[in-house]
Amino acid sequence: MSTQALPLLPDDGAPSESAPVTEERTSAASIRLERKHPLAIRWMHWVNFPVLFTMIWSGILIYWNDSDNAYQHAHRVYRVGLGGWTLFRFFPDWFYKLFHVPYHVTQGLSYHFFFMWVFALNGLAWVLYTWLSGEWRFILPQRQSLREAIQVTLVDLHLRKGLPAQTKYNGAQRIAYTATALMGVMMLVTGVAIYKPTQLHWITTLLGGYEMARWLHFWTTMAFLGFFFVHVAQVVLAGWNNFRAMVSGYEVQRVEAPSLEAERRSGR
């Protein structure tokens, strides 16, 4: 697009013969705003953050009473080790004392069982929305997702350069977010198996019994914590644009980047 500069005018308003006429090239816009996260996705994402924190914290209060309280219950089963050798146990005494955990088990139970319903309903709403809106197409892993995940990991470790092309999520994100959704289901299933082992004995039995349900529930929680720390670190590394998208719904994209809206409309 070219524009013609107007000749300069002297004080009397007449055109100046000495003022040259020049042409300038204005560069086209190189960035655009892209709608990335719908409002419902953002709401459910931010609701999940305090709910999961409360669930994990209240679970620690319960865990103290059931595994390592002042009476030294025998089943301190959650550890990392081999055979009789133990590298470390989760939540040692100094952790309990630092955060004043002991003797708050009833408080932990009340919070845990209340926010369990919020977590379940929010998760159900997320599943229904992503399915009905078609957003699941951006989340489920694809044939090339594993290869992309390896490539992304190598880039994060500074072992290679060049991220794979992506629209909303790359292969590593697709695998991680799908795994997180499955972990949410596992948390609920193992949780109700522990909560109602008699009334829902068939679920407890399918999981391998009460102790196995407790074991699965605990390690799924640890997996959630691992995902949380990695997720926050990745958001920090990705920069403000990525965080802003989860707040406002929009992110700044280069004009040549694939359009999410076009992909949404195509239904692919």
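- What you find for G171 and E148 is that their closest heavy atoms are N-OE1, 2.8 Å.
- In this structure, F53 places its CZ atom where only 12 or fewer heavy-atom neighbours from other residues, nucleotides or ligands lie under 6.0 Å away.
- Connection of M222 to L182 is not established within any shared hydrophobic cluster, with ILVMFWY side chains joined at heavy-atom distances below 4.5 Å, either directly or through further cluster members.
- Of all non-hydrogen atoms in P141 and T178, the two that sit nearest each other are CD-OG1, 3.2 Å.
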Set out, in order, the CA-CA distance, both residues' side-chain angles and the distance that settles side chain to side chain contact (heavy atoms under 4.5 Å, CB included) for L216 and L207, then state yes or no.
CA-CA 9 Å; L216 291 171; L207 291 171; 4.1 Å; yes
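- Taken to the nearest 0.5 Å, the CD1 atom of I56 stands 9.5 Å off from the NE2 atom of H112.
- For the atom pair CH2 of W215 and OG1 of T220, the computed distance is 8.5 Å after rounding to the nearest 0.5 Å.
- In plain terms, the two heavy atoms of M55 and F115 that are nearest each other are SD-C, 3.6 Å.
- Taken from CZ in R137 to OG1 in T130, the straight-line distance is 11.0 Å, to the nearest 0.5 Å.
- The structure places OH of Y169 at 13.5 Å from CD of Q142, a figure rounded to the nearest 0.5 Å.
- The shortest distance between side-chain heavy atoms of Q173 and K168 does not fall below 4.5 Å.
- Listed for the R42 side chain is a donor-acceptor partner under 3.5 Å among the backbone atoms of V247.
- Formation of a donor-acceptor pair under 3.5 Å by the T190 side chain with backbone atoms of M187 is found in this model.
- Taking the side chain as every heavy atom from C-beta outward, W64 and F91 never approach each other to under 4.5 Å.
- Within a 6.0 Å radius of CZ in F138, other residues, nucleotides and ligands contribute more than 12 heavy atoms.
- Using a 4.5 Å heavy-atom cutoff, the side chains of F99 and W57 are in contact.
- Taking the six-membered ring where the residue is Trp, the centroids of F218 and F90 are separated by under 6.0 Å.
- Note on F119: it clusters hydrophobically with L109, by side-chain heavy-atom contacts below 4.5 Å among ILVMFWY residues.
- Between F114 and S58, the closest side-chain pair of non-hydrogen atoms is not below 4.5 Å.
- One distance of note links CG of L121 with CE of M44; it measures 12.0 Å at 0.5 Å rounding.
- The backbone N or O of F224 sits nowhere less than 3.5 Å from a side-chain atom of T180 that would complete a donor-acceptor pair.
- Side chain of R214 to main chain of I194: no donor-acceptor pair is present (N/O by atom type, distance under 3.5 Å, no hydrogens or angles).
- Classification of the F49-W46 ring pair by plane angle, with boundaries at 30° and 60°, yields perpendicular.
- R174 places a side-chain N or O within 3.5 Å of a backbone atom of L140 that can act as its donor or acceptor partner.
- The hydrophobic clustering, which links ILVMFWY residues whose side-chain heavy atoms are closer than 4.5 Å, places W136 and L39 apart.
- Within a 6.0 Å sphere centred on CG of L87, other residues, nucleotides and ligands contribute more than 12 heavy atoms.
- Smallest separation of non-hydrogen atoms from A193 and Y210: O-CD1, 4.4 Å.
- Looking only at side-chain heavy atoms (C-beta outward), Y103 and Y96 stay at 4.5 Å or farther from each other.
- Hydrophobic cluster membership differs between L157 and V235, with clusters built from Ile, Leu, Val, Met, Phe, Trp and Tyr side chains linked at under 4.5 angstrom.
- Of the possible donor and acceptor atoms, none in the side chain of R244 sits under 3.5 Å from a partner among the backbone N and O of G239.
- Across every non-hydrogen atom of L188 and M116, the tightest pair is CD2-O, 4.2 Å.
- Put simply, I139 and F227 are part of the same group of oily side chains (I, L, V, M, F, W, Y) that touch within less than 4.5 Å, one to the next.
- For the pair Q234 (side chain) and H231 (backbone), a donor-acceptor distance under 3.5 Å is absent.
- The structure places CG of N241 at 5.0 Å from CD of E251, a figure rounded to the nearest 0.5 Å.
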Quick one: do K36 and N242 satisfy side chain to side chain contact (heavy atoms under 4.5 Å, CB included)? Show the steps, please.
CA-CA 10 Å; K36 186 174 184 180; N242 190 54; 3.3 Å; yes
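- Contact detail for M183 and A223: the closest heavy-atom pair is SD-CB, 3.3 Å.
- In this structure, the side chains of W126 and I41 come closer than 4.5 Å at one or more pairs of heavy atoms.
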